[in-house]
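Take a look at the structure set out below.
Throughout, protein chains are lettered first and strands after them, A, B, ... in sequence-line order, and every chain is numbered starting at 1.
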There are 2 protein chains.
Amino acid sequence: MQPVGPEAEKLVLVMVGLPARGKSYTARKVARYLTWLGYRTRVFNVGEYRRARFGAKVAHDFFDPENAHGREARRTAAMAALADLQQWLRRDGDVAIYDATNSTVERRAMVRERCTLAGFDVLYLEIFCEDEAQIDATVRETKLTSPDYAGVPEATAIADFRARIAHYERAYEPLQEDEGSYLRVKNRGEHVTAHRVHGYVASRLGFLLMNLHLNDRPIWLTRHGESMFNVAGLIGGDADLSPDGQRYAHSLADHLDACYPDTDALKIWTSSLRRALQTANPLGRKSTSWRALDEIDAGVCDGMSYAQIEAEMPDEYAARQHDKFTYRYPRGESYVDVIHRLDPVIIEIERVRRPVLVIAHQAVLRALYAYFMGVEPERCPHLPIPLHTVIKLTPHAYGCHEERVPLEPNTAASGTGGDRASRHASQ
Amino acid sequence: MQPVGPEAEKLVLVMVGLPARGKSYTARKVARYLTWLGYRTRVFNVGEYRRARFGAKVAHDFFDPENAHGREARRTAAMAALADLQQWLRRDGDVAIYDATNSTVERRAMVRERCTLAGFDVLYLEIFCEDEAQIDATVRETKLTSPDYAGVPEATAIADFRARIAHYERAYEPLQEDEGSYLRVKNRGEHVTAHRVHGYVASRLGFLLMNLHLNDRPIWLTRHGESMFNVAGLIGGDADLSPDGQRYAHSLADHLDACYPDTDALKIWTSSLRRALQTANPLGRKSTSWRALDEIDAGVCDGMSYAQIEAEMPDEYAARQHDKFTYRYPRGESYVDVIHRLDPVIIEIERVRRPVLVIAHQAVLRALYAYFMGVEPERCPHLPIPLHTVIKLTPHAYGCHEERVPLEPNTAASGTGGDRASRHASQ
């Protein structure tokens, strides 16, 4: 998959920061975003190398900088991770994230030198937190469930981990301006600094890093109600809702009215197409229409059925079957194109703090779903996003909790049923 | 014009910084960018109010914080500008930029309070510079040409301005984290900090602010060579070049080969359409194809002539004549849509330091041209971007220098001429 930017770079993102500041959380979030944008991205976590080589159960004095054995063992793990990182980046990757404390100038200089010699760009990503409550929450949420403390009583684990942090604090040297390009994030995005950041990938991350707070309000995704084109088995177009589709719009309104009686509590975004606007209508609430949410553009195939494409354009049909992800309709779009134009939508969803309802289309919702659920983008074209089902995604530390609510079209609304068999004609 | 973001905000950007740090340069650049994106943006420069009320020729001691008369006069000018700003923002604007030193905590608190009471969001934009050579260059480039020093010998003007800066330096209090949301830019984008930045407009600015260095390498804009659709007077499509178009591609290659013998010295970006790719071809250099550079999507009118649209879709034809800027082709795009999708291209052009050649299409180039030349976006549809002419834009402090080079199709290349009369069929 080609990256979104005009030119690919081989980049090493070197995490910097004390334990329990949110490095791994940030590394994963960044990796998910860059992967979704088409960069082959992988996190190399030095803690995992250390556990694989020296076992999970090591006491805090392993991390004491005065402990020569521990220091050497930790260095060995760090070097092994770095060697794997370089090999992967050279052969298969676009962006590698080196997830370790990298807490001294000396260590960072060594990592930088090795990466630069190998021809990679280096960007530090320092995670800084002075909010004790936040640090405490991170320790409890992530470290207690770490293999390092499996089976260890909570109080013991916390005391040990606090002692481990103290060892690092003694040696910690915050990033200096003369060390090179960096992004520094303080208190989960409250304060973000970019120093000598010029690369394309790096400059894409600023937005995301301003929104690292855990935004756990739900995101609701739904396709428009069944349209007359769905009934006829045609793709694209700008058709009205079918009678069944109208009834779904009423069911959706009932469901969301019950969840959010306060009309300002939910943001509603639709595409600019009639079937999406008509689906929002019975809600009777303010909504915003985004062209970026319009369905994948089927180009010259717009308004055709799949059978017709197969009969009249067999080469196109075959090319699409062969690789539905990168296939671009003649004069239209591919899934890759759709992902790129959805980037501002993702950034905006990450930014707003209120629940959001997105009323859009199959291909577009597959792409949004892939971002939130961390699905490889290549699997997008095969994700099931059925009609007349609202999907509720609730973010948590490392992903989203998913709930699917099929809503029967509200029979209290007027109209007669369409042909349901054709509902699942798939873009 | 609707703004690019899903929700409009009324925002006051309050500049902060000592004289000659680049506040006005930044304010203008930000205003140009936001205007282009569709936000009604205006800069209110307190210096202009001061000159209008108290005359341009005041000696540096007018700016001495110990000078009660000068202090009161400057405060009067500042309040008059703020009152006008508020009135404009309430009635007509989206983003107002308050361009003054705002160098004390007290002054900023007062400005913030007045704006907040009026219901506006406030974001500080602090311009900080510790590079003496840069400050000196700003003094020489901008202050010597200011009305404040019209007719004053250079050495006298510089000495007076330095004394003026010194007065401000005595009173200057850098922004503190508890003062609210801010963006701080140091040394022309080398170092950018975002503190509690959550608004959509504000978060759009990060990219731009990372690239405030004066990037004076030229940007070359050209339409593809004449296409077979141009010859036939049809809009849209994905036609091949005409013989004349092919000859233009060769002339373009000759011209740029002469300007940039080093093949790495020029970045070449094309749209993804055949006529643009074929125009890049004779250059024989690496180029990048962007879908974002594709011509305005004429939707259902793609492949028609204007006469045909007038005959078959008179309402559409009339709507387009009435407002060519916001008119959206059925199932296609408007100029407003084109501007929004070009945003990443602008950001990327601002970022790269090498000369860039953009081979694209009439509507797309009108939108890019409007950004660089600071033309109101509403005028986009009427900007002349003829075929077979390369436009060279060279940025300087407050805009771009423009040069247009009409290139005769290279008759050394093969093929016969097309019908030139139809070249100017206008999107």
Side-chain angles (χ1 to χ4, degrees), chain A residues 2 4-7 177 182-184 186-187 189-200 202-204 206-207 209-211 213 236-238 267 269 272-273 286-292 294 297 299-300 302-303 328 330-331 333-334 336-337 340-341 343-345 347-348 351-353 356, chain B residues 2 4-7 177 182-187 189-200 202-204 206-207 209-211 236-238 267 269 272-273 286-292 294 297 299-300 302-303 328 330-331 333-334 336-337 340-341 343-345 347-348 351-353 356:
Chain A
Q2 69 180 24
V4 66
E7 275 163 57
E177 292 193 2
Y182 63 77
L183 289 162
R184 172 182 290 138
K186 203 166 85 178
N187 298 346
E190 179 186 277
H191 199 92
V192 176
T193 300
H195 180 71
R196 292 196 180 151
V197 168
H198 304 300
Y200 185 84
S203 63
R204 294 298 303 150
F207 276 136
L209 296 174
M210 283 182 204
N211 294 292
H213 55 87
D238 192 14
K267 280 185 180 278
W269 297 346
S272 72
L273 296 170
K286 186 168 156 263
S287 69
T288 307
S289 142
W290 288 59
R291 235 182 101 80
D294 283 2
D297 181 352
V300 300
D302 187 86
R328 180 182 279 169
R331 313 284 318 280
E333 290 179 303
S334 67
V336 176
D337 296 328
H340 296 178
R341 73 158 143 95
D343 183 36
V345 177
I347 293 298
E348 190 60 8
R351 190 180 74 76
V352 300
R353 308 256 175 151
V356 179
Chain B
Q2 68 181 26
V4 65
E7 274 163 57
E177 291 194 2
Y182 64 77
L183 290 162
R184 173 182 289 137
V185 183
K186 203 166 85 177
N187 299 346
E190 180 187 277
H191 199 90
V192 176
T193 300
H195 180 70
R196 294 199 178 146
V197 169
H198 304 301
Y200 185 83
S203 62
R204 293 300 302 150
F207 276 137
L209 296 174
M210 283 182 205
N211 293 293
D238 192 14
K267 279 185 180 278
W269 297 347
S272 73
L273 296 169
K286 186 168 156 264
S287 69
T288 307
S289 142
W290 288 59
R291 234 182 100 81
D294 283 2
D297 181 351
V300 300
D302 187 86
R328 182 182 277 167
R331 313 284 321 280
E333 290 178 304
S334 66
V336 177
D337 296 328
H340 295 177
R341 72 158 145 95
D343 182 37
V345 177
I347 293 297
E348 190 60 8
R351 191 181 73 75
V352 301
R353 310 255 175 151
V356 179

Looking only at A:G237, A:S272, A:G206, most heavy-atom pairs under 4.5 Å shared with chain B are made by A:G237

Across all chains, not counting sequence neighbours, the side-chain contact (heavy atoms from CB on, under 4.5 Å) partners of B:E190 are A:H195, A:R196, B:N187

Applying a strict 4.5 Å limit to non-hydrogen atoms, the region of B:D297 in contact with chain A is side chain

Checked A:D302, A:I347, A:N211 vs chain B; the most non-hydrogen pairs under 4.5 Å come from A:D302

The side-chain contact (heavy atoms from CB on, under 4.5 Å) partners of B:R184 (sequence neighbours excluded) come to B:E126, B:L175, B:Y182, B:T193

Looking only at A:M210, A:E177, A:R331, most heavy-atom pairs under 4.5 Å shared with chain B are made by A:R331

Of A:H340, A:R341, A:E333, the one forming a side chain to side chain contact (heavy atoms under 4.5 Å, CB included) with B:R291 is A:E333

